[in-house]
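The structure presented is a predicted model; accordingly, all values stated were derived computationally and were not measured.
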Amino acid sequence: QFGARGVTLQIPAWTGPQAICERILARRIRRPGDNPMSFNELGLSAELLRAVKEQGYEEPTPIQRQAIPHILDGHDILAGAQTGTGKTAGFTLPMLQLLENPPSGPRRVRALILTPTRELAAQVNESVHTYGKYRPVRAMEIYGGVSPRPQITKIKRGVDVVIATPGRLLDHVRQGNIDLSFVEMFVLDEADRMLDMGFIRDIKQIIKHLPEKRQNLLFSATFSKEIRELANKLLDHPAEIQVAARNATVDRVEQLVYPVDKGRKRELLSEMIGRGNWQQVLVFTRTKHGANRLAKQLNQDGITTDAIHGGKGQGARTKALRDFKAGKTRVLVATDIAARGLDIQRLPHVVNYELPHVPEDYVHRIGRTARAGQDGTAVSLVCIDEQKLLKDIEKLLKRAIKKEYVPGYEVDKRIKAEPVQKGKSRRPGGPGPAGRKKAGKASGARRPGKNARNNNQRKRFSKSARSSVS
């Protein structure tokens, strides 16, 4: 205990004397009327503060103010944070500080961060390198859709932090390429999306390879019953952080619904982009085929457009995102799986060309805009078939979304609603009716023998359908 206030800090044994003093000073009690908290008051090292300042940040976001001290104190975390709230820096900054004194001997994986998509893994990896540029920490990303050989080479050279998608990481674990028995910090980022994509089995398998004594951090934009169950099993007396109401949307996002017939959505979207002079638009569809079709149609309308989805290779996805950020592409059409983790600064417009089947996905989609305190607009083009989906979203948000009508695009009341068809399993090769089965095999086909199964397992890197998604 320190001082008359009796503040108790749980400080890991490897923390240096200077860092201990910084942490004690950072935990002073704030009073009403105090100036806004700065990063200097969070107990971060001088190297990390220098890196933060170089990025132009002066004040921490709410999730950073709450999470960083708890993580530095060694607590498990259950955090509810929307996308665009700064949660990535909320766990990378304290993680980098806690890894400041590497143990003697070869480098071993000391921190593991699981993400649902390749794009989010790349974003987190970039954050680790950005904030850790003055720290002796080596990080790498692991995901499918690319050759595993360069990943194996990096692992053998030694790495402190691994940011990975569950499928490819589990492949490496089973092949004996990576040792997770020295992990000190385990992070589940966007846990709700990982559960939606059917990664729960892989997550449980990965946890079996981690040491029992470790710090666990779970971040989720939404809290479902399944997330609570996972948290109860994974976390040990966690500090619970909620920076916004459960399943709430970002306040700075202006949400609008435009009723329109299904057959005229593309025409209306093209007119809105042109008439409004929208220069950077992220458009969501439900399927990869729909994304490709819409991208082709918009290009025919003279609007430079590209598509990003799980059916594209990593190189194509990276190029599409890079061109969109650079302004070479005006519109990026994406599916929910591919778009999770896209971090595009000052993205002004998000369009729901088709409403999602899962209401929570609406929250994730529109969270791509109005990031880091910016303003943004989320537009939904809703046909008669999607009225139930809209009601489910409004029920989740606990409020109605403002409707506007565009002259010339009035809804034809003679058209009757038809059921919105749900696609197949969101994660090919994942758990569920289609999970783990080889395409083209009858349900009653005899399972291959043990040797055949082992041979198939050795070929998973090149044939795994799961890796192509994760």
Side-chain angles (χ1 to χ4, degrees), residues 19 22-23 26-27 30 36-45 47-49 51-100 111-116 120-133 135 137 139 161 163 184-194 215-223 227 231 234-235 238-246 248 250 340-341 343 345 364 367 370-374:
E22 291 171 342
R23 302 256 296 275
R27 293 304 300 274
R30 301 188 62 79
M37 176 181 284
S38 69
F39 280 99
N40 294 329
E41 299 176 73
L42 294 178
L44 297 173
S45 66
E47 296 91 343
L48 293 175
L49 292 175
V52 169
K53 186 176 182 180
E54 288 179 357
Q55 296 304 307
Y57 300 121
E58 297 180 357
E59 298 177 7
T61 64
I63 184 64
Q64 293 163 0
R65 286 199 300 267
Q66 296 184 55
I68 290 176
H70 282 298
I71 297 173
L72 289 176
D73 289 347
H75 298 143
D76 283 6
I77 294 291
L78 173 61
Q82 306 164 22
T83 55
T85 56
K87 64 180 175 62
T88 301
F91 64 78
T92 55
L93 286 170
M95 178 193 70
L96 289 166
Q97 177 136 323
L98 293 176
L99 299 180
E100 64 179 344
L112 173 63
I113 304 169
L114 291 186
T115 69
L120 184 54
Q123 175 192 326
V124 175
N125 185 52
E126 181 181 355
S127 179
V128 172
H129 282 91
T130 297
Y131 297 122
K133 62 186 297 185
R135 311 286 291 184
V137 174
V161 182
I163 306 101
E184 300 167 14
M185 181 179 292
F186 176 51
V187 183
L188 280 179
D189 192 14
E190 303 210 355
D192 50 348
R193 171 57 65 189
M194 282 195 274
Q215 186 176 10
N216 302 291
L217 315 178
L218 189 154
F219 290 81
S220 180
T222 59
F223 281 159
I227 290 292
L234 177 67
L235 307 178
E240 187 165 339
I241 299 171
Q242 187 74 54
V243 297
R246 175 180 172 179
V250 179
R340 193 61 178 266
D343 187 15
Q345 297 296 325
H364 301 314
R371 299 174 76 86
Q374 301 293 321

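- Of all heavy-atom pairs spanning G90 and A67, the tightest one is O-CB, 4.2 Å.
- Interatomic distance, I163 CD1 to H129 NE2, rounded to the nearest 0.5 Å: 7.5 Å.
- The side chain to side chain contact (heavy atoms under 4.5 Å, CB included) test applied to A122 returns E141, not counting sequence neighbours.
- In this structure, CD in Q123 is found 9.5 Å from OG1 in T115, a value given to the nearest 0.5 Å.
- A pairwise comparison of heavy atoms in Q215 and H70 identifies NE2-O, 4.3 Å as the closest pair.
- F219 contributes atom CZ, which lies 9.5 Å from atom CG of L78 (distance to the nearest 0.5 angstrom).
- Scanning for side chain to side chain contact (heavy atoms under 4.5 Å, CB included) contacts around R65 gives M37, P60, P62, with sequence neighbours left out.
- Taking 4.5 Å as the limit, every side-chain heavy atom of L96 sits out of range of all side-chain heavy atoms of E47.
- For the side-chain contact (heavy atoms from CB on, under 4.5 Å) with L188, the lone residue among L217, L234, L235 that qualifies is L234.
- In this structure a side-chain-to-backbone donor-acceptor pair under 3.5 Å is missing from Q55 to V52.
- With rounding to the nearest 0.5 angstrom, the CD atom of Q242 is 8.5 Å from the CD1 atom of I63.
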Run Y57 and F39 through ring pair (Phe, Tyr, Trp, His ring centres under 6.0 Å) and show every step you take. CA-CA 9 Å; Y57 300 121; F39 280 99; 7.1 Å; no
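- Closest approach of L72 to G43, counting heavy atoms only: CD1-O, 4.1 Å.
- Contact check for M194 versus L114: side-chain heavy atoms found under the 4.5 Å cut-off.
- Residues satisfying the side chain to side chain donor-acceptor pair (under 3.5 Å) criterion with D76, sequence neighbours excluded, are N216.
- In this structure, L42 and I68 approach most closely via the heavy-atom pair CD1-CD1, 3.7 Å.
- Remark: R135 CZ to L99 CG distance equals 9.0 Å, nearest 0.5 Å.
- Going from atom CD1 of I113 over to atom CE of M95 covers 4.5 Å, rounded to the nearest 0.5 Å.
- Within the 4.5 Å cutoff, the side chain of L93 has no heavy atoms near those of the Q64 side chain.
- The minimum heavy-atom distance between G86 and T61, with the atom names listed, is CA-OG1, 4.2 Å.
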For side-chain contact (heavy atoms from CB on, under 4.5 Å), just list the numbers for T92 and V187, CA-CA rounded to whole Å, side-chain angles, deciding distance to a tenth of an Å, and then say yes or no. CA-CA 10 Å; T92 55; V187 183; over 6 Å; no
Could you walk me through whether D189 and K87 pass the side-chain contact (heavy atoms from CB on, under 4.5 Å) check? CA-CA 9 Å; D189 192 14; K87 64 180 175 62; 2.7 Å; yes
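- For the pair R193/L120, no side-chain contact is recorded, criterion being any heavy-atom separation below 4.5 Å from C-beta on.
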